[in-house]
Amino acid sequence: MRKTCLDQVYELALTDPRIFFVGSDLGYETLKQFKNQMPDRFFMEGVSEQNLIGISAGMAMEGKIVYANTIATFLSRRCFEQIVLDMALHHVNVRLIANGGGLVYAPLGPTHLAIDDIAILRAVPNMTIVAPCDAEEMKRLMPLTVDYPGPMYIRIAKGGDPIVSSNRIPFKIGKAIPVREGGDALIVTTGITLGAALKAADVLAKEGITAAILHMPTIKPLDKETLLSYVRQTSVVVTIEEHSVIGGLGSAVAEAVLEANFDSVKNFKRIGIPDVFPSSYGTQDDLMKLYGITADNLCVVIKQLMGLKISYGF
């Protein structure tokens with residue numbers, strides 16, 4: 001997904017002289033074609049992430065469209081004040097390409113796990129947050145980022161993730177994507193968790209349970225209109241995300257559902273990383289399983305909310 005995203009930046013820059021790229025301590029070969037063909041619009045700032053934001057914001061104030069790329073934790077945590085004051089406050093057109101959203105850097109431990117990036121940046125006015133589910137959805141997103149107003153955070157997954165998206169519904173920043181219909185439960189996803197939702201829905205269907213899937217590649221602004229239209233049709237709602245259960249997709253959905261004041265009760269559950277610093281090492285998949293961000297656990301949770309007998313023999 002990251003390669004697809006950066007390749008798209010290069011392709012877009014070939015035809016749009018407003019596009020600049022600024023990286024921070026990335027590999028020597030990163031966007032080599034961009035550097036060779038458009039050196040006046042390519043900058044590598046080294047281990048100086050706050051400076052990365054300041055440079056990017058300054059260029060954007062001069063009418064440039066800047067794509068700034070580094071690790072997700074460094075952008076969301078280390079550069080928070082610069083993002084708020086240099087970017088968001090001035091509503092400049094900087095696109096933050098955040099490598100390794102969620103548990104991608106599991107082998108490196110908690111310092112590199114972006115479990116709170118969505119929560120941090122959701123609180124920033126003017127900030128748009130997007131998390132595509134696969135490389136094909138990334139291709140549909142990137143051309144739309146060029147003229148989209150204001151700062152944007154693009155959450156990048158590991159790469160090599162299976163293609164689970166479809167172009168059946170045109171991609172639009174700020175709009176939810178209905179993936180599957182069903183009246184017994186609603187699964188709301190973002191990023192790569194769409195894959196787990198599709199697997200869970202298939203398993204549940206074999207047991208006569210129909211689960212709708214609503215994919216939210218844009219977390220902010222949240223498409224409340226579409227969300228609430230789906231919530232209205234069911235009594236069971238589950239969100240699943242590769243992020244802390246505090247402040248991410250689940251929190252955004254919970255806020256919207258509660259404020260809608262439905263007449264009927266909604267049984268609701270957030271699946272994600274609990275309120276902990278992940279202390280285990282291993283692979284991304286290892287930690288996803290540890291915290292139940294899986295199709296199997298999604299099936300269990302939906303059945304529990306429906307008051308059904310649980311079978312653990314998936």
Side-chain angles (χ1 to χ4, degrees), residues 101-104 106 115 131 133-134 137 157-158 161-166 176-217 219 226-246 248-254 256-257 262 264-276 278 280 282-314:
L103 301 168
V104 170
I115 63 173
C133 65
D134 58 32
E137 190 163 79
K158 182 178 182 179
D161 304 290
I163 302 299
V164 295
S165 67
S166 167
I177 299 177
V179 177
R180 183 174 297 199
E181 300 298 320
D184 293 323
L186 171 64
I187 306 170
V188 187
T189 75
T190 192
I192 64 167
T193 57
L194 174 57
L198 288 166
K199 291 178 183 178
D202 286 341
V203 172
L204 292 169
K206 294 176 182 177
E207 301 181 37
I209 300 170
T210 61
I213 300 175
L214 189 63
H215 177 49
M216 293 284 193
I219 302 163
T226 302
L227 170 67
L228 296 180
S229 71
Y230 272 77
V231 174
R232 191 171 287 112
Q233 301 173 41
T234 187
S235 61
V236 172
V237 181
V238 181
T239 63
I240 181 167
E241 60 190 310
E242 190 186 4
H243 183 274
S244 170
V245 293
I246 298 174
L249 173 71
S251 293
V253 170
V257 172
F262 287 108
S264 57
V265 174
K266 305 299 178 183
N267 297 315
F268 181 82
K269 178 71 174 178
R270 296 170 295 171
I271 294 177
I273 302 162
D275 187 21
V276 299
S280 297
T283 67
Q284 180 186 23
D285 285 345
D286 290 337
L287 293 188
M288 296 280 272
K289 290 175 183 176
L290 176 65
Y291 296 120
I293 310 171
T294 64
D296 288 356
N297 188 47
L298 188 49
C299 290
V300 170
V301 168
I302 288 173
K303 287 182 178 181
Q304 287 175 335
L305 293 178
M306 293 178 67
L308 300 177
K309 182 179 179 181
I310 307 300
S311 172
Y312 294 95
F314 293 106

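The figures here come from the full heavy-atom set of this structure, side chains too, leaving out hydrogens, waters and symmetry mates. These numbers come from a predicted model, not from an experiment.
Distance check, rounded to the nearest 0.5 Å: CD1 of Ile163 to OG of Ser165 gives 6.0 Å.
The backbone N or O of Ala185 sits nowhere less than 3.5 Å from a side-chain atom of Thr210 that would complete a donor-acceptor pair. With hydrogens and angles ignored, the 3.5 Å screen pairs no side-chain donor or acceptor of Thr239 with any backbone N or O of Val188. Judged purely by atom type and a 3.5 angstrom limit, Thr234 uses its side chain to pair as donor or acceptor with the backbone of Gly183.
Using a 4.5 Å heavy-atom threshold, the side chains of Pro178 and Leu214 count as touching. Annotation: side chain of Ile219 is not in contact with side chain of His243 (no heavy-atom distance under 4.5 Å). Residues Ile302 and Ile187 meet the side-chain proximity criterion, which asks for heavy atoms closer than 4.5 Å. Using a 4.5 Å heavy-atom cutoff, the side chains of Gln304 and Lys269 are not in contact. Lys303 places a side-chain heavy atom less than 4.5 Å from the side chain of Leu204.
Applying the side chain to side chain contact (heavy atoms under 4.5 Å, CB included) test to Thr294 and every residue at least two apart in sequence or in another chain returns Lys289, Asp296, Asn297. With sequence neighbours excluded, the residues forming a side chain to side chain contact (heavy atoms under 4.5 Å, CB included) with Thr193 are Thr189, Ile240, Ile293, listed by chain and number. Contacts of Thr226 classified as side chain to side chain donor-acceptor pair (under 3.5 Å), with partners at least two apart in sequence or in another chain: Asp223. Annotation: side chain to side chain donor-acceptor pair (under 3.5 Å) contacts of Ser280 (sequence neighbours excluded): none. The side chain to side chain donor-acceptor pair (under 3.5 Å) check on Thr190 picks up nothing, with sequence neighbours excluded. In this structure Glu241 satisfies the side chain to side chain donor-acceptor pair (under 3.5 Å) test with no other residue, sequence neighbours excluded. Partners of Ala252 by side chain to side chain contact (heavy atoms under 4.5 Å, CB included), not counting sequence neighbours, listed by chain and number: Arg122, Leu222. Listed by chain and residue number, Pro274, Tyr291 satisfy the side chain to side chain contact (heavy atoms under 4.5 Å, CB included) test with Val276 (two or more places apart in sequence, or in another chain).
Scanning all heavy atoms of the two residues, the minimum distance from Ala106 to Leu287 falls at CB-CD1, 3.7 Å. Considering all non-hydrogen atoms of both residues, Lys266 and Arg232 come closest at NZ-O, 3.7 Å. The nearest pair of heavy atoms linking Leu298 to Ala200 is CD2-CB, 3.7 Å. Closest heavy-atom contact between Glu137 and Ala131: OE1-O, 4.5 Å. Pairing each heavy atom of Pro217 with each of Ile177, the nearest pair is CG-CD1, 3.9 Å. Closest non-hydrogen pair, Ala254 versus Phe268, comes out as CB-CE2, 3.7 Å.
Sorted by first and then second residue, the salt bridge (charged side-chain N to carboxylate O under 4.0 Å, His left out) pairs involving residues 179-200 (not counting sequence neighbours) are Arg180-Asp202.
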Worked verdict on Arg270 versus Val253 for side-chain contact (heavy atoms from CB on, under 4.5 Å): CA-CA 9 Å; Arg270 296 170 295 171; Val253 170; over 6 Å; no

Derivation and outcome, side-chain contact (heavy atoms from CB on, under 4.5 Å), residues Ile115 and Leu103: CA-CA 7 Å; Ile115 63 173; Leu103 301 168; 4.1 Å; yes

